[in-house]
Amino acid sequence: MKVRVRFAPSPTGLLHIGNVHTALFNWLFARQRGGVVVLRAEDTDTERSEAAFEEGICEDLRWLGLDWDEGLEVGGEYGPYRQSQRQQLYEEALEKLKAGGYVYPCYCSVEELEAQRKADLAQGKPPRYSGRCRKLSSQQRAAFEAQGRKPSWRFHIPQDQTITFTDLLRGEFSFPGKEIGDFVVVRPSGVPTYNFAVVVDDLKMEISHIIRADEHLSNTPRQVAIYQALGAPLPQFAHVAMLLGPDRQKLSKRHGAVSVAQYRAQGYLPEALMNYLALLGWTPKEGEILSRAELIAQFDLSKVATSPAIFDQEKLRWLSGQYLRGADDTRLVALAIPYLSEAGLLPEDKAAWPPKEWLARMMGLLKHNILSLGELPPWAKPFLAEPSYEDQKIAKLLSGENAVRVFTEFSAALEGKAQISPEDAAELLHQLPGELALGAGKVFRPLRAALTGQGRGPELGEIVSLLGPALCRARVQKFI
RNA sequence: GGCCCCAUCGUCUAGUGGUUUAGGACACCGCCCUCUCACGGCGGCGGCAGGGGUUCGAAUCCCCUUGGGGCUACCA
């Protein structure tokens, strides 16, 4: 069987980390099986759907490296790929359901239904639709129509029917029809509801495997009933566990950053995010830090966990650091530029920027100090701008009793040099304590303070080499 | 309220009846490296939710309880 999976976000907001988690599993599965990934927009919620959100979602998916073969922006033979443009298909499907006697018009207003629902709940009764419009005579229907009421269409589930299906991860399911009330399939406006549209789309698009979060598990029998009414075979279902926040509630805005865009903005590498997401609910046979290709090769849908996982920012940060350290320095320069510019550390005129190779050396050092690019600016400041010396501890180091001697000796040692390698700089530095008859800390700490205005950072020898003898002397001489 | 799903260190998890003094990773703590903070290396702390069964033997199988989550919408 040809593997066709789909990712079907609703464009009502930014790409959510929980959604992208299941999107990733779909993608890994399809890529591994040589299948097709379809991207479609579920925009039947016309109130909240926006074109801008759709574009943002596509952009974030691409950034993450989750490409798709068919659907939004790329087209394909099964289009259109936006539910709002598939009205014709839903109407045809509805006609089939009408012809088969599976649906009936319901004239209840939203207010009436809401009141009934509240009343049921208050009495401790299950809030299920009473089914009263099913028994309407044609005269009664005509009367409602005469009042100008437009009906919604409800799918009837016989009380004695049992709906069964198999989940790839969880086995057999069997739901008695009496647990499921008659549900709306098409609104009075003619717009289909999710449960109906999703089935029509998955069917028409010949989706073979529906891999989604388990919040959809309880809705699956409704969808199965529609498949059956339409005389269609069932796809394979796989309900993976959903992502939770630290408080074990469904991951939401309350938990801080929950959109891909936010992690992107904070300067996480896409491969780090992908790797981390893959580790949530699935464990590789070997290793943890895996490239895209390794993830695809090792992924095993049947081994995906059914218990929910908490999204742990700390581990993401660690992974991000791992990827940063392993990243190519030239690439890091390109990625860092927006953050450096934003912080005012690069002139607007590109011609005035330090050479790319020099910036690459800088990134080669600083990548060991950060976990995301967003943390870069403070560390980069001494290299791209004049350090500030306001910090009390720094000021103390600069005015320490031996500081002037250290600075004088250091400056003299660099005199006449146009440049110096990290190794030579380290060598030169290590001779200073002996020459001055001082402890190493008494020499290096004030020097670091004068050169960077900070008490921490890369190795001093590296700093001296990168800054160059002239700048180093100038910074130190201010305090002599 | 009804139905469904889930349950191993704080977190992600390995584990599918004996090979387990329950393994790894993050976080945390300590030590080493060192001019500092990191990075890196080494070590430590820490868990089978509870109760019944089944079995010669249970983290692993069954039941109950508890806890968490989801669905029950003219949201998706």
Side-chain angles (χ1 to χ4, degrees), chain A residues 8-12 19 42-45 47-49 83 106 108-110 113-114 117 120-129 151-154 167 170 173 175-176 178-181 183-189 191-195 197-198 212-222 239 241-242 244 246-250 276 279-285 287-289 305-319 321-322 325 365-371 379 397 429-430 432-433 439-449 452 454-461:
Chain A
S10 59
T12 54
N19 289 143
E42 304 212 322
D43 57 352
T44 53
D45 185 350
E47 308 253 308
R48 299 191 297 146
S49 296
Q83 292 187 327
C106 171
C108 298
S109 70
V110 199
L113 293 169
E114 187 53 32
R117 190 186 152 77
D120 287 345
L121 242 21
Q123 293 176 51
K125 288 200 294 188
R128 264 190 282 282
Y129 180 65
S152 60
W153 288 87
R154 271 186 198 276
D167 184 281
R170 303 165 197 254
F173 283 90
F175 289 84
K178 62 177 164 58
E179 297 296 343
I180 309 164
F183 56 97
V184 171
V185 111
V186 173
R187 302 170 168 102
S189 63
V191 177
T193 59
Y194 166 75
N195 280 127
V198 77
R212 58 179 18 165
D214 71 4
E215 57 189 319
H216 292 285
L217 196 48
S218 299
N219 270 325
T220 305
R222 285 174 240 279
H239 289 93
M242 50 193 302
L244 268 29
D247 58 357
R248 297 204 166 272
Q249 299 288 113
K250 185 172 172 176
Y276 176 65
L279 259 23
L280 247 30
W282 174 71
T283 311
K285 282 189 273 312
E288 271 204 320
I289 300 181
T306 49
S307 55
I310 291 171
F311 187 82
D312 177 18
Q313 299 221 18
E314 282 308 314
K315 185 149 185 182
L316 201 215
R317 285 171 56 70
W318 170 77
L319 248 184
Q322 295 294 311
R325 268 161 245 139
L365 295 181
L366 297 183
K367 68 184 180 184
H368 294 282
N369 293 303
I370 57 174
L371 261 23
W379 296 92
L397 284 170
L429 284 164
H430 279 291
L432 284 181
K442 293 257 191 294
V443 174
F444 298 133
R445 289 166 60 83
L447 266 180
R448 175 181 292 280
T452 68
Q454 297 172 348
R456 38 202 288 208
E459 304 243 342
L460 253 192

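Per chain, numbering begins at 1; letters A, B, ... match sequence-line order. Treat the numbers as computed from the prediction; the structure is a model and nothing was measured.
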Separation of [X] atom [atom1] from [N] atom [atom2], in whole Å?
X: A:Leu397; N: B:C37; atom1: CG; atom2: C1'; answer: 14 Å
X: A:Met242; N: B:A76; atom1: CE; atom2: P; answer: 17 Å
X: A:Glu288; N: B:U13; atom1: CD; atom2: C1'; answer: 8 Å
X: A:Phe173; N: B:G70; atom1: CZ; atom2: P; answer: 17 Å
X: A:Arg448; N: B:C35; atom1: CZ; atom2: P; answer: 11 Å
X: A:Arg317; N: B:A25; atom1: CZ; atom2: C1'; answer: 17 Å
X: A:Leu365; N: B:C37; atom1: CG; atom2: C1'; answer: 14 Å
X: A:Phe311; N: B:A25; atom1: CZ; atom2: C1'; answer: 16 Å

Inspect the surroundings of CD in A:Glu459 and state if more than 12 heavy atoms from other residues, nucleotides or ligands are less than 6.0 Å away.
no

Are the side chain of A:Thr220 and the backbone N or O of A:His216 linked by a donor-acceptor pair below 3.5 Å?
yes

Under the 3.5 angstrom rule, does the side chain of A:Tyr129 hit a backbone N or O of A:Arg117 as a donor-acceptor pair?
no

When all nucleic acid strands are considered with a 4.0 Å heavy-atom cut-off, which category describes [X]: base, sugar-phosphate, or nothing?
X: A:Pro176; answer: nothing
X: A:Pro188; answer: base
X: A:Tyr276; answer: nothing
X: A:Glu114; answer: nothing
X: A:Asn219; answer: base
X: A:Leu113; answer: base
X: A:Ser189; answer: nothing
X: A:Gly281; answer: sugar-phosphate
X: A:Lys250; answer: sugar-phosphate
X: A:His239; answer: nothing
X: A:Ile310; answer: sugar-phosphate
X: A:Arg212; answer: nothing
X: A:Cys106; answer: nothing

With a 3.5 angstrom cut-off on both distances, give the Watson-Crick or G-U wobble partner of [N], or none if there isn't one.
N: B:C71; answer: B:G2
N: B:U16; answer: none
N: B:A25; answer: B:U11
N: B:G40; answer: B:C32
N: B:U55; answer: none

Looking only at the side chain of [X] (C-beta and beyond, no hydrogens), which of the listed nucleotides [options] gets closest?
X: A:Arg248; options: B:G68, B:U72, B:A76; result: B:G68
X: A:Arg445; options: B:C26, B:C4, B:C35; result: B:C35
X: A:Phe175; options: B:U72, B:C4, B:C74; result: B:C4
X: A:Lys315; options: B:A25, B:U36, B:A76; result: B:A25
X: A:Asp312; options: B:C71, B:C5, B:U11; result: B:U11
X: A:His216; options: B:C35, B:A76, B:U13; result: B:A76
X: A:Ala309; options: B:C74, B:C12, B:C5; result: B:C12
X: A:Glu179; options: B:C74, B:C12, B:G2; result: B:G2

Measure the spacing between CE of A:Met242 and CG of A:Asp214 and express it to the nearest 0.5 Å.
6.5 Å

Quick one: pull up CD in A:Gln454 and CG in A:Leu397 and give me the separation to the nearest 0.5 Å.
12.5 Å

Could you go through A:Phe311 and A:Leu244, starting from their C-alpha distance and side-chain angles, then the distance that decides it, and tell me whether this counts as side-chain contact (heavy atoms from CB on, under 4.5 Å)?
CA-CA 6 Å; A:Phe311 187 82; A:Leu244 268 29; over 6 Å; no

Between A:Arg222 and A:Thr193, does any side-chain donor sit less than 3.5 Å from a side-chain acceptor?
no

Looking only at side chains, do A:His239 and A:Thr306 share a donor and an acceptor under 3.5 Å apart?
no

[N] versus [M] - spacing of their [atom1] atoms, nearest Å:
N: B:U20; M: B:C48; atom1: C1'; answer: 12 Å
N: B:A22; M: B:G50; atom1: P; answer: 15 Å
N: B:A27; M: B:G41; atom1: P; answer: 12 Å
N: B:U55; M: B:U60; atom1: C1'; answer: 13 Å
N: B:G44; M: B:G57; atom1: P; answer: 34 Å
N: B:C5; M: B:C62; atom1: P; answer: 13 Å
N: B:A59; M: B:G23; atom1: C1'; answer: 13 Å
N: B:U21; M: B:C9; atom1: C1'; answer: 16 Å

A:Gly455 vs A:Phe183, nearer the 5' end of RNA chain B by closest nucleotide:
A:Gly455

Residue pair A:His430/A:Thr306 against RNA chain B: nearer the 5' end by closest nucleotide is A:Thr306

If you look at every heavy atom in A:Glu179 and A:Arg128, which pair is closest and at what distance?
O-NH1, 2.9 Å

Does OP1 or OP2 of B:C74 have a side-chain N or O of A:Arg154 closer than 4.0 Å?
yes

Closer than 4.0 Å, any side-chain N/O of A:Thr193 to the OP1 or OP2 of B:A73?
no

Describe, in one word, how the ring planes of A:Phe444 and A:His430 are oriented to each other, choosing from parallel (under 30°), tilted (30 to 60°) and perpendicular (over 60°).
perpendicular

Taking the six-membered ring of A:Phe183 as reference, does the NZ or CZ atom of A:Arg154 fall below 6.0 Å from its centre and within a 45° cone about the axis?
no

Test A:Val191 against every option in A:Asp43, A:Val186, A:Thr44 by the side chain to side chain contact (heavy atoms under 4.5 Å, CB included) rule and name the one that passes.
A:Thr44

Under 3.5 Å, N/O pairs linking protein and nucleotides 39-41 of chain B:
from: B:C39; atom 1: O3'; to: A:Arg325; atom 2: NH1; distance (Å): 3.3
from: B:G40; atom 1: OP1; to: A:Gln322; atom 2: NE2; distance (Å): 3.2

Between the base of B:U72 and the side chain of A:Arg128, is one N or O donor paired with an acceptor at under 3.5 angstrom?
no

